[in-house]
Amino acid sequence: ASPAMMGQAMAAVALCRLAGSPVSPAPREPLSKKLKEKMFAALRKREARRELGPKAQPEACDWLDVVPDELEYVCVEVWRGRCAVT
């Protein structure tokens, strides 16, 4: 995924220069470790209950192929730090 993101960034810079537009990337603050862990626990809980029923424990969710850093990327870069619900 990292080479693809670098390619996208280089393409964006090239297109901006061709258009004569300044490149102004917006820096984002990273999420705290505690918030990432809280979001990851909530995701595991939701997925376990969705698959195994309302009484399932989050520890039962061993099929989840997501790490907290990926959650941070989605929240910060994709949703731009905004709430996905509202």
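Just so it is clear, the values below take in all heavy atoms, side chains as well, and ignore hydrogens, waters and symmetry mates. Along the sequence shown, the residues carry numbers beginning at 1.
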Those residues at least two apart in sequence (or on a different chain) that pass side chain to side chain contact (heavy atoms under 4.5 Å, CB included) with L15 are none
Sorted by chain and number, sequence neighbours left out, salt bridge (charged side-chain N to carboxylate O under 4.0 Å, His left out) with R50 holds for E47
Using residues 67-74 as the side-chain source, report each donor-acceptor pair under 3.5 Å to any protein atom, sequence neighbours left out, with the distance given to one decimal.
unit_1, atom_1, unit_2, atom_2, d
D69, OD1, K36, NZ, 3.1
E70, OE1, V67, N, 3.2
E72, OE1, K36, NZ, 3.3
E72, OE2, L31, N, 2.9

For residues M39 and C75, determine if any side-chain heavy atom of one lies less than 4.5 Å from a side-chain heavy atom of the other.
yes
Looking only at heavy atoms, the pair that brings F40 and L64 closest together is CE1-CD2, 4.2 Å
The side chain to side chain contact (heavy atoms under 4.5 Å, CB included) partners of K45 (sequence neighbours excluded) come to R49, P58
Here the side chain to side chain donor-acceptor pair (under 3.5 Å) pairs for residues 55-66, sequence neighbours left out, are none
